[in-house]
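Since the structure comes first, as C-alpha cells, the remarks are kept for the end.
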Amino acid sequence: MSTRKSQPSSYQFKEIYLECIERFCEEHDRTGVVVAGSNGPHQEAETPLRNTAHWIVALCGAYDLLPEERYKSKAVELGDQLCSPTFRPFGASFHARQANGVDRCNGLIGQAWAIEALGGLARLTGLRHYQETGVELALRHKFSEKWAVWHSLDIDGRILNIDNVFNHQLWFAATTSMVNSGLSEELDRRVAAFTTALSVNLKTEENGLVRHHVDRLLSSPEVRLAGLLKHLRDGTLIRRIWNIRSTDKQKPTPDEYRIGYHSFNAYGFALLKRTTRDHEFWSGPAIAKITELLQSPAFIQRLDNNIFSYPYNPPGFEVPVALETLSEKSNAELTAIATCWITRQLRFSYDATQRSMSRNCIDPKTQAARIYEISRLSNEILSAVEVSFASDDVVTGASPSYA
C-alpha cells in the first residue's frame, strides 16, 4: 500500500450523516432485515433488536434534518418489526440477547434502547401506541424503593435481580423519562427518586470518572446473596468464579471500562437532564466534575487504544451532545468542539467506500448503527459542522492520527 497521503478535503458532516442513513436504507430495502451485532467488545450474541432500535432513532434524526417521507416510512417499517412478537415473544421485555449464561433482556440497557426507539417513533408519528408501549414496558420493571434503582425483567416476565451496572440504570431512567413525558405519574415519581438517589448511587473517581457499578449494591450482603442465588439457580456459578470466557474476548481492566464508558455515561446524563432540568443534582459538584473531565487533555489522550472508546462507545458523537446539554458553552464554542470530536470519530470509524461508520472495530454492524447518537445534537450545530480529512483517513484500516 502506498504511504503517500492525499490532500485534506472539507465535507459537511450533515451530508455524511445522511449518506450513512441512505446506505442503511438501501441495504434494508434489499434484504428486509437488520443484521444483529455482538455487543461490541463484549462479544455476546445479540438479536437484531438493538440495531433496529438504533436505526429507528437515526431515521428520526434524518427526518428532522431533511423531512423526506422515505425516512419516516422506513422508521415506521422498523417500528412495526420492533413491536412484533419476534422481538417481544411473551409480551414482557424485549428479546435483546441470545441466552448463554447471561439474561436475554440484556439487563436494563437492552430495554432502554427499545424504549428510546419507541419514544422517537412517538414524536415522529404522533401515534400514542408507541408511547404507551414504552410506558407499559417501563412500568413492568420492578423499582426498588430501598435502593432507588430497577430490577431487570426477563422476556418471559420473570423479575430478575437488580441490575448493578450504573450506566444501565442511568440510561433506563433517562429513556423512560423521555418516552413517558408525563403520561404516568408513577414513572415520574420513580425517575425523580432515582435522580435524587444519585447522591448515593453515583460514585466517581477524584477526577470525575464514573465508576462502572453501583458500589453500594456490590457491598450489600442482601444484594450479594441475591446474586449468588441467581448464579446457583441459573447454573452459572462456576463461570462466574473462574470468569470463563471465549478466547476471542478481550479482557478489559476496570480503568479501561471507566474511561471507555465515560462519554456514554455523560450522554445518558444529558438525556436525563433534558426531562428533569429543575432537579438540584444538575447544579451540584458531581455533574460538574463529570462534564469537566470530558474536556481534559489527559482524558482525551486515554481514549486512544481503548476498545470501549472510538471502536464502540463513540465519544466523537457522545461528547458534543453531552456538552451541549451539560455545559454553558455558546453555540459557537459548541460548534468548534463538535467539529473537533466528530472529525476524530470519522477518522477512526468512517469508511467512505461503504458510506458507513464501520472501520477499526470488532462489531461493525453495531458501530455503524451508533451514528444515531449524533442525531441529538441540535440541528443548528450539526448543520454547521464541517469536517476535514484526507480520503486516505477514511478508507484504510490504519489508526488515525489526530491533528
Any residue meeting side chain to side chain donor-acceptor pair (under 3.5 Å) with Glu186, in chain and number order, not counting sequence neighbours: Arg189, Arg190
Within residues 272-283 or reaching into it, pairs that qualify as salt bridge (charged side-chain N to carboxylate O under 4.0 Å, His left out) - sequence neighbours excluded: none
Flag, side chain of Thr275 to backbone of Leu272, donor-acceptor distance under 3.5 Å: yes
Qualifying residue, where the test is side chain to side chain contact (heavy atoms under 4.5 Å, CB included) with Tyr17 and the options are Ile371, Ile342, Val385: Ile371
Separation between CD of Glu185 and CG of Asn180, rounded to the nearest 0.5 Å: 10.0 Å
Geometric class of the Phe269/Trp282 ring pair [parallel <30°, tilted 30-60°, perpendicular >60°]: perpendicular
Lys74 side chain reached by Asp29 side chain, heavy atoms, under 4.5 Å: yes
Worked verdict on Arg30 versus Glu26 for salt bridge (charged side-chain N to carboxylate O under 4.0 Å, His left out): CA-CA 6 Å; Arg30 187 174 65 254; Glu26 291 167 6; over 6 Å; no
Stepwise side chain to side chain donor-acceptor pair (under 3.5 Å) test for Ser73 and Glu69: CA-CA 6 Å; Ser73 62; Glu69 185 60 31; 5.2 Å; no
With Glu318 via side chain to side chain donor-acceptor pair (under 3.5 Å) - residues at least two apart: Ser263, Arg370
Sidechain-backbone polar pair: Gln98 side chain, Glu44 backbone, donor-acceptor under 3.5 Å: no
Of Tyr312, Trp171, Phe166, the residue whose pairing with Phe264 passes ring pair (Phe, Tyr, Trp, His ring centres under 6.0 Å): Trp171
Nearest-0.5 Å distance, CG of residue Leu82 to CG of residue Leu49: 6.0 Å
Tyr130: partners by side chain to side chain donor-acceptor pair (under 3.5 Å), with sequence neighbours left out: none
Considering all heavy atoms, the nearest Val387-Thr339 contact: CG1-O, 4.4 Å
Donor on one side chain, acceptor on other, Glu380 and Asn331, under 3.5 Å: yes
With sequence neighbours excluded, residues passing salt bridge (Lys or Arg N to Asp or Glu O under 4.0 Å) with Arg211: Glu205, Asp215
Nearest-0.5 Å distance, NZ of residue Lys289 to CG of residue Asn207: 8.0 Å
Residues which pass side chain to side chain contact (heavy atoms under 4.5 Å, CB included) with Ser199, listed by chain and number, not counting sequence neighbours: none
Tyr310 backbone acceptor or donor facing Gln345 side chain under 3.5 Å: yes
Spacing of Asp64 atom CG and Ser378 atom OG [to the nearest 0.5 Å]: 11.5 Å
For Ala114 against Phe94, the heavy-atom pair lying closest together: CB-CD1, 3.8 Å
Backbone of Gly260 reached by a side-chain donor or acceptor of Asn313 within 3.5 Å: yes
Side chains of Trp150 and Asp163 in contact at under 4.5 Å (non-hydrogen atoms): no
Residue pair Ser177 / Thr195, side-chain heavy-atom distance below 4.5 Å: no
Counterpart residues, side chain to side chain contact (heavy atoms under 4.5 Å, CB included), relative to Val35 (two or more places apart): Glu27, Lys365
Test item: Ser93 side-chain N/O and Asp154 main-chain N/O as donor-acceptor pair under 3.5 Å: yes
Sidechain-backbone polar pair: Asn201 side chain, Trp147 backbone, donor-acceptor under 3.5 Å: yes
Stepwise side-chain contact (heavy atoms from CB on, under 4.5 Å) test for Ile290 and Asn265: CA-CA 9 Å; Ile290 289 167; Asn265 277 301; 6.0 Å; no
Side chain His95, main chain Arg97, donor-acceptor under 3.5 Å: yes
Rounded distance [0.5 Å steps], NE2 in His279 versus CG in Leu198: 7.5 Å
Under 3.5 Å: donor-acceptor pair, side chain of Gln131, backbone of Val179: yes
Greater than 12 external heavy atoms within 6.0 Å of Gln301's CD: no
Contact check, side chains of Val33 and Pro48, non-hydrogen atoms, under 4.5 Å: no
Min side-chain heavy-atom separation Ser388-Thr343 under 4.5 Å: no
His141 side chain vs His151 backbone, donor-acceptor pair below 3.5 Å: no
is_close_aromatic(Phe194, Phe281), centroid dist under 6.0 Å: no
Counterpart residues, side chain to side chain contact (heavy atoms under 4.5 Å, CB included), relative to Glu256 (two or more places apart): Pro252, Thr253, Asn306
Neighbour count above 12 (heavy atom, 6.0 Å) for Glu292 CD: no
Near-ring test Phe308/His262, centroid separation under 6.0 angstrom: no
Intermediate values then yes/no, side-chain contact (heavy atoms from CB on, under 4.5 Å), Trp341 and Ile300: CA-CA 10 Å; Trp341 278 102; Ile300 294 170; 3.7 Å; yes
Shortest non-hydrogen contact between Leu137 and Ala92, atoms and distance: CD1-O, 3.6 Å
Heavy-atom side-chain proximity of Pro314 to Met357 below 4.5 angstrom: no
Any Glu19 side-chain heavy atom under 4.5 Å of Tyr350 side chain: yes
Could you list the donor-acceptor pairs under 3.5 angstrom formed between side-chain atoms of residues 117-129 and any protein atom two or more places apart in sequence or on another chain?
unit_1	atom_1	unit_2	atom_2	d
Arg123	NH1	Gly119	O	3.4
Thr125	OG1	Leu121	O	2.8
Thr125	OG1	Leu127	N	3.1
Arg128	NE	Glu132	OE2	2.9

Plane angle bin for Tyr257 and Tyr261 - parallel if under 30°, tilted between 30 and 60°, otherwise perpendicular: tilted
Atom pair CZ/CG of Arg50 and Asn106 - distance to nearest 0.5 Å: 7.5 Å
With sequence neighbours excluded, residues passing side chain to side chain donor-acceptor pair (under 3.5 Å) with Lys203: none
ring-ring contact (aromatic ring centres under 6.0 Å, His included) contacts in which one or both residues fall within residues 47-80, not counting sequence neighbours: Phe24-Trp55, His54-Trp113, His54-Tyr372
Heavy-atom side-chain contact between Lys329 and Ile337 under 4.5 Å: yes
Side chain to side chain contact (heavy atoms under 4.5 Å, CB included) partners for Ser38, two or more places apart: Gln43, Asp363
